[in-house]
Amino acid sequence: ITYTIINESNETRKVAPWEISRVPNGGVVFFEAKEAVPANNMKGIPFTFEEGAAWYVMDEDKENRKINADGKRVLDGLSFNIRAGEVIGIAGVEGNGQSELVKMISGLMESTEGECWLMGENVTNKWPNHLRKKGIGIIPEDRYAQGLCRDMSIGDNSIAGYHGDPEVCGKGLLKRKNINAKRDKAVQEFDIRISDIDGNVSSLSGGNAQKVVIAKWLANNPDILILDEPTRGIDVGAKAEIEVLIQELSDAGISILMISSEIAELQRNCDRVVVMREGRAVGELIDADITQDNIMAMIAKGSESEVAKNG
């Protein structure tokens with residue numbers, strides 16, 4: 001097995017497992033080569049973890065591939081990393097593996113090949129609860145199907161997934177005073193507008209409902225936040241508020257993976273964008289190069305490559 005390591009300048013090198021020294025530092029990490037790797041003899045070259053990137057997804061021999069229930073390959077050789085405080089976008093026509101990528105990272109879909117690493121730990125196919133505890137938060141594509149219960153209050157939704165935590169539950173009983181305090185804090189901080197503080201989430205507008213989802217995850221201090229179509233189906237005002245929040249979270253050092261079908265949204269918010277087609281990464285763009293023309297050109301090029309490969 002060989003691995004691809006990456007440094008802060010996005011330089012990559014191939015190394016063998018015995019060349020990697022895993023030195024935990026309790027923080028965000030990435031691989032960095034301390035000297036050039038000889039092509040004919042890589043043994044003995046020291047490598048260590050350094051502060052920088054939050055993700056390592058580069059097992060060279062085990063192709064990062066996902067097979068769905070119908071036997072279709074939905075992710076194919078996809079590899080990328082996310083650094084602390086970086087906003088990485090995933091672009092592409094819907095239905096090209098974006099949803100499966102989110103499910104794989106968040107533990108909702110089993111990976112058949114490839115690995116996913118978080119700060120030095122292999123978290124491939126870990127349960128969602130384990131990933132939550134490790135600091136991964138997710139704002140799902142469908143807030144009502146995957147992020148909220150319409151027939152529950154803001155308070156109860158704010159602890160969903162964390163209802164067993166000692167802060168809100170003791171001896172099998174919910175601590176309503178603490179739950180209401182979390183709810184009130186979320187309502188104030190995120191300007192969640194509701195006529196009845198004890199009313200169900202079903203009475204909220206799309207934008208305010210999305211704020212409830214975001215508030216729940218941020219209350220648990222995630223290191224990495226996955227945003228899957230975060231502004232879909234909400235009004236312009238709420239969209240602007242969420243985009244300001246994304247930049248604030250990035251400035252605070254939280255790593256963000258943003259999946260969006262709106263290219264303009266990716267342009268405004270992302271440091272880098274990975275372009276996907278047919279489950280593969282067909283290109284990557286940085287800063288000013290993140291434009292609709294460049295993204296569409298990469299998608300088209302990926303289509304041509306697929307046709308050529310299939311003869």
Side-chain angles (χ1 to χ4, degrees), residues 85 87 102 106 128-129 131-260 262 265 268-269:
V87 182
V102 172
S106 57
N129 188 51
L131 298 175
R132 283 198 298 267
K133 291 178 179 178
K134 287 296 179 179
I136 298 179
I138 175 171
I139 313 303
E141 179 180 8
D142 188 330
R143 68 183 72 93
Y144 293 114
Q146 302 161 325
L148 294 170
C149 178
R150 290 177 181 267
D151 297 325
M152 285 168 44
S153 67
I154 294 178
D156 288 340
N157 271 285
S158 71
I159 64 166
Y162 297 93
H163 48 276
D165 289 2
E167 180 186 0
V168 297
C169 183
K171 298 181 180 180
L173 298 174
L174 293 175
K175 300 178 181 179
R176 281 294 167 190
K177 182 178 180 180
N178 292 353
I179 294 171
N180 290 341
K182 288 172 69 73
R183 174 203 64 197
D184 294 344
K185 182 180 179 181
V187 169
Q188 182 177 3
E189 288 187 357
F190 292 89
D191 190 25
I192 299 171
R193 301 177 185 182
I194 186 169
S195 57
D196 179 4
I197 193 65
D198 295 314
N200 291 340
V201 166
S202 58
S203 66
L204 296 176
S205 67
N208 284 298
Q210 187 74 324
K211 291 178 184 179
V212 173
V213 181
I214 294 172
K216 177 184 76 171
W217 286 108
L218 294 185
N220 291 281
N221 302 312
D223 295 311
I224 298 173
L225 194 61
I226 303 170
L227 305 178
D228 192 358
E229 302 287 355
T231 65
R232 173 175 288 175
I234 65 177
D235 60 82
V236 175
K239 179 180 291 191
E241 291 179 52
I242 289 174
E243 291 193 5
V244 169
L245 178 62
I246 289 171
Q247 295 308 311
E248 291 176 349
L249 296 175
S250 174
D251 292 341
I254 296 176
S255 304
I256 295 175
L257 178 64
M258 183 177 188
I259 294 87
S260 178
E262 294 187 27
E265 187 171 68
R268 291 191 300 269
N269 294 286

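- Atom NZ of Lys175 has more than 12 heavy atoms from other residues, nucleotides or ligands within 6.0 Å.
- When side chains are defined from C-beta on, Glu248 counts as touching Leu245, because their heavy atoms get closer than 4.5 Å.
- Rounded to the nearest 0.5 angstrom, Leu227 CG and Glu229 CD are separated by 10.5 Å.
- One distance of note links CD of Glu265 with OG1 of Thr231; it measures 3.0 Å at 0.5 Å rounding.
- Counting heavy atoms from C-beta on, the side chains of Arg132 and Trp217 come closer than 4.5 Å.
- Side-chain contact between Leu257 and Val102 is absent, with no heavy atoms from C-beta onward closer than 4.5 Å.
- With contacts defined as side-chain heavy-atom distances shorter than 4.5 Å, the pair Arg143/Ile234 qualifies.
- Between the side chain of Arg232 and the main chain of Ser260, no donor-acceptor pair closer than 3.5 Å is present.
- With hydrogens and angles disregarded, a donor-acceptor distance shorter than 3.5 Å links the side chain of Asp235 to the backbone of Ala238.
- With contacts defined as side-chain heavy-atom distances shorter than 4.5 Å, the pair Asn157/Lys216 does not qualify.
- In this structure, Gln210 contributes its side chain and Pro230 its backbone to a donor-acceptor pair below 3.5 Å.
- Heavy atoms only, all atoms of each residue included: Asn208 and Arg193 are closest at OD1-N, 2.9 Å.
- Summarising the geometry of Asn200 relative to Asp151, their closest heavy-atom pair is OD1-O, 3.6 Å, with the distance given to 0.1 Å.
- Between Arg176 and Asp156 there is a salt bridge, since a side-chain N of the basic residue sits under 4.0 Å from a carboxylate O of the acidic one.
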| request: Apply salt bridge (Lys or Arg N to Asp or Glu O under 4.0 Å) to the pair Lys133 and Asp165, showing each step before the final yes or no. | output: CA-CA 11 Å; Lys133 291 178 179 178; Asp165 289 2; over 6 Å; no
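- The distance from atom CE of Met258 to atom CG of Asp228, rounded to the nearest 0.5 Å, is 10.5 Å.
- Summarising the geometry, atom CG belonging to Leu131 is positioned 7.5 Å from atom OG belonging to Ser106; distances are rounded to the nearest 0.5 Å.
- Contact between Ala186 and Ala215 at its shortest, heavy atoms only, is CB-CB, 3.7 Å.
- The minimum heavy-atom distance linking Ile226 with Ile259 is given by the pair CG2-CD1, 4.2 Å.
- Side-chain contact between Leu174 and Ile159 is present, with heavy atoms from C-beta onward closer than 4.5 Å.
- Here the closest heavy-atom approach between residue Asp198 and residue Ser153 is recorded as O-CB, 3.9 Å.
- The closest donor-acceptor contact from the side chain of Ser250 to the backbone of Gln247 lies at 3.5 Å or more, if one exists at all.
- Gln146 approaches Pro140 most closely through the heavy-atom pair OE1-CB, 3.3 Å.
- By the salt bridge (charged side-chain N to carboxylate O under 4.0 Å, His left out) test, Asp184 pairs with no residue at all, sequence neighbours left out.
- Taken from NZ in Lys239 to CZ in Arg268, the straight-line distance is 6.5 Å, to the nearest 0.5 Å.
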